[in-house]
Structure formats: structure tokens, C-alpha cells
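Everything on this sheet refers to the single structure shown next.
Computed from heavy atoms alone, side chains included, the values below leave out hydrogens, waters and symmetry copies.
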Amino acid sequence: MKILIASDLHGSAYYTKILAQRFAEEGASQLVLLGDIYNHGPRNPLPEGYDPLGVAEILNKITDKLIVVKGNCDSDVDTLISDFEFVSEAVLYADGKKIFLQHGDKYCIDNLPKNCGDCFVYGHYHTGFLKREGNVLVANCGSVSLPKGGTPNSYILLEDGVLVLKEMDGKEICRMNI
């Protein structure tokens with residue numbers, strides 16, 4: 001089973017269309033979004049193609065394939081345009097591994113959740129990476145629309161116990177076994 005994990009769309013219908021296309025092309029069965037779906041946030045510039053309602057239209061078509069974690073820029077009013085639920089955190093069990101998912105505003109590489117299992121994946125910082133902290137693989141999927149620190153627009157693909165950080169065009173950046 002392939003799972004695509006992405007974060008920080010920040011209302012960009014332009015990049016959400018690209019993400020939906022990557023989701024289809026990767027042949028993933030599940031799309032996990034780690035927050036900051038519609039709003040750009042006061043410290044961020046408007047992303048290309050800023051259109052929160054357009055983002056909702058794209059995502060509402062695939063609600064049966066979504067897990068959406070609430071980010072710090074997501075508000076209760078966002079649920080009014082969403083045909084899906086926002087959860088505060090989630091746990092996936094895939095390929096015999098426990099994977100803890102959170103936006104990254106509560107937990108991060110410097111503050112791992114207790115009992116996070118084999119892998120912790122988050123967004124929030126807009127910088128993609130894969131790093132091992134002891135026995136835990138820690139991953140940040142970066143940002144779909146507003147990458148920071150010179151990192152590319154990115155997402156993560158999970159398959160067969162391997163995380164692959166990819167640019168939005170599908171080019172592999174790095175990979176690690178969980």
C-alpha cells in the first residue's frame with residue numbers, strides 16, 4: 001500500500017492541483033495532509049494560486065482517501081467548506097510499523113511524542129528532511145506551497161516500510177527505511 005503524506009498547502013489551489021495529480025500518478029491509496037490546508041497564516045506570503053475554496057473543491061472530491069490533521073492555521077470555520085474531518089493527530093500502522101502523525105506545532109524533532117512508535121512525521125516548518133533519532137525515524141514532509149530554507153516544494157511517499165521525500169515533480173530527494 002502506498003500512502004502520500006503532505007503538509008502546508010496554505011490555500012494554494014495551484015499546488016493542490018499538482019498534489020492531487022501526484023497522488024494519482026504515484027498510485028497511492030491514501031492521502032494524509034498534516035495541516036495548514038486553507039489559510040496562508042499571518043507570517044507567510046500568499047502562495048501562488050491562493051484560492052481556499054478551490055482547495056476545498058479539489059479535496060472534497062477525494063474525501064474517502066483523506067486523513068487530515070489540523071494545523072495551527074486551520075480553524076473551526078474551515079470545517080464548513082470541508083466534506084472531511086480534521087483530527088488533532090493520527091497514528092498509522094503500515095507495513096508492520098507504527099507511524100505517529102501531527103502537524104508539528106506541538107511536537108517536532110526536538111520534542112518527540114511519547115510512544116510515537118517507529119516513525120514520527122510532521123510538517124509546520126516547511127523544510128523537508130528524513131533523520132533518525134535513536135530508534136525513531138523522524139520526517140518532515142516540507143511544504144507543498146511555501147517551502148522555506150531553500151528546500152523545494154515537497155511531499156513524502158510511504159511504501160513497503162520506506163519513506164521517500166520527493167519534490168513536487170516526483171523527483172526523489174532522499175529515502176530511509178523506517
Side-chain angles (χ1 to χ4, degrees), residues 2-90 92 101-105 108 121-130 139-159 163-175:
K2 287 185 186 180
I3 300 171
L4 194 149
I5 305 170
S7 188
D8 297 279
L9 284 64
H10 287 289
S12 172
Y14 173 81
Y15 281 107
T16 302
K17 286 177 190 170
I18 294 171
L19 179 64
Q21 181 180 0
R22 294 299 317 140
F23 177 66
E25 290 174 0
E26 292 281 10
S29 58
Q30 190 90 51
L31 176 58
V32 176
L33 298 175
L34 298 178
D36 290 357
I37 307 303
Y38 301 126
N39 298 307
H40 70 284
R43 293 176 293 170
N44 295 318
L46 287 175
E48 185 174 350
Y50 185 70
D51 177 10
L53 284 174
V55 171
E57 288 174 12
I58 295 165
L59 296 179
N60 285 339
K61 292 177 184 174
I62 57 170
T63 57
D64 60 324
K65 295 175 175 37
L66 290 177
I67 294 173
V68 181
V69 173
K70 188 174 186 178
N72 61 303
C73 291
D74 298 319
S75 63
D76 290 340
V77 74
D78 293 342
T79 62
L80 299 176
I81 62 170
S82 305
D83 293 340
F84 49 86
E85 297 295 325
F86 288 77
V87 297
S88 61
E89 52 197 38
L92 290 176
L101 306 160
Q102 202 264 333
H103 176 61
D105 54 329
C108 65
V121 184
Y122 65 106
H124 185 61
Y125 291 93
H126 299 219
T127 55
F129 66 81
L130 304 175
N140 188 301
C141 53
S143 174
V144 169
S145 68
L146 294 170
K148 294 183 178 176
T151 61
N153 306 62
S154 60
Y155 64 92
I156 286 176
L157 190 66
L158 166 64
E159 183 178 25
L163 290 185
V164 182
L165 180 64
K166 293 186 167 193
E167 294 183 22
M168 291 304 295
D169 64 3
K171 179 182 174 192
E172 183 175 320
I173 299 169
C174 61
R175 68 173 49 223

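Of all the heavy atoms in Tyr15 and Glu48, the pair that sits closest is OH-OE1, 4.0 Å. Contact between Lys61 and Glu57 at its shortest, heavy atoms only, is CG-O, 3.3 Å. Closest non-hydrogen pair, Gly142 versus Asn140, comes out as N-OD1, 2.7 Å. Across all non-hydrogen atoms, the minimal contact from Asp74 to Gly71 is OD2-N, 2.7 Å. Here the closest heavy-atom approach between residue Gly104 and residue Cys108 is recorded as O-CB, 4.5 Å. For Leu4 against Ala28, the heavy-atom pair with the smallest separation is N-CB, 4.0 Å.
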Taking it one step at a time, do Val144 and Met168 satisfy side-chain contact (heavy atoms from CB on, under 4.5 Å)? CA-CA 7 Å; Val144 169; Met168 291 304 295; 4.0 Å; yes
Yes or no on ring pair (Phe, Tyr, Trp, His ring centres under 6.0 Å) for His40 and His10, after CA distance, side-chain angles and deciding distance? CA-CA 4 Å; His40 70 284; His10 287 289; 7.9 Å; no
Using the side chain to side chain donor-acceptor pair (under 3.5 Å) rule, take Lys148 and Asn44 through it: C-alpha gap first, then chi angles, then the decisive distance, then the call. CA-CA 10 Å; Lys148 294 183 178 176; Asn44 295 318; 3.1 Å; yes
Apply side-chain contact (heavy atoms from CB on, under 4.5 Å) to the pair Val121 and Leu163, showing each step before the final yes or no. CA-CA 10 Å; Val121 184; Leu163 290 185; 4.2 Å; yes
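The aromatic rings of Phe84 and Phe86 are tilted relative to each other, their planes meeting at an angle between 30° and 60°.
Residues Thr127 and Pro147 form no side-chain contact, since every pair of their non-hydrogen atoms from C-beta on lies 4.5 Å or further apart. No side-chain heavy atom of Leu33 sits under 4.5 Å from any side-chain heavy atom of Ile67. Side-chain atoms of Ser12 and Tyr50, non-hydrogen and from C-beta on, never get closer than 4.5 Å to each other. Contact check for Asp76 versus Lys70: side-chain heavy atoms found under the 4.5 Å cut-off. For the pair Val32 and Leu66, the minimum side-chain heavy-atom distance is 4.5 Å or more.
In this structure, the side chain of Asn39 does not engage the main chain of Gly41 through any donor-acceptor pair within 3.5 Å. The main-chain N or O of Ser82 is never found under 3.5 Å from a side-chain atom of Asn60 such that the two would form a donor-acceptor pair. At least one donor-acceptor pair under 3.5 Å links the side chain of Ser154 to the backbone N or O of Cys141. Checking side-chain atoms of Glu159 against main-chain N and O of Lys2 turns up no donor-acceptor pair under 3.5 Å.
A side chain to side chain contact (heavy atoms under 4.5 Å, CB included) with Ile37 holds for exactly one of Val69, Val68, Asp78, Asp8; it is Val68. Exactly one of His126, His103, His124 qualifies for a side-chain hydrogen bond (donor to acceptor under 3.5 Å, both in side chains) with Asp36. That residue is His103. If you run side chain to side chain contact (heavy atoms under 4.5 Å, CB included) between Leu34 and each of Ile5, Leu9, Ile156, only Ile5 comes through.
Atom CD1 of Ile173 and atom CD of Glu167 lie 4.5 Å apart (nearest 0.5 Å). Atom OH of Tyr14 sits about 11.5 Å away from atom OG of Ser145, to the nearest 0.5 Å. Summarising the geometry, atom SG belonging to Cys73 is positioned 14.0 Å from atom OH belonging to Tyr38; distances are rounded to the nearest 0.5 Å. A distance of 10.0 Å separates CG in Asp83 from CD1 in Ile81, rounded to the nearest 0.5 Å.
For Ser29, the side chain to side chain contact (heavy atoms under 4.5 Å, CB included) partners at least two apart in sequence or on another chain are Met1.
Side-chain polar atoms of Tyr155 and Glu26 form a donor-acceptor pair below 3.5 angstrom.
Under a 4.0 Å N-O distance rule, the pair Lys17/Asp51 does not qualify as a salt bridge.
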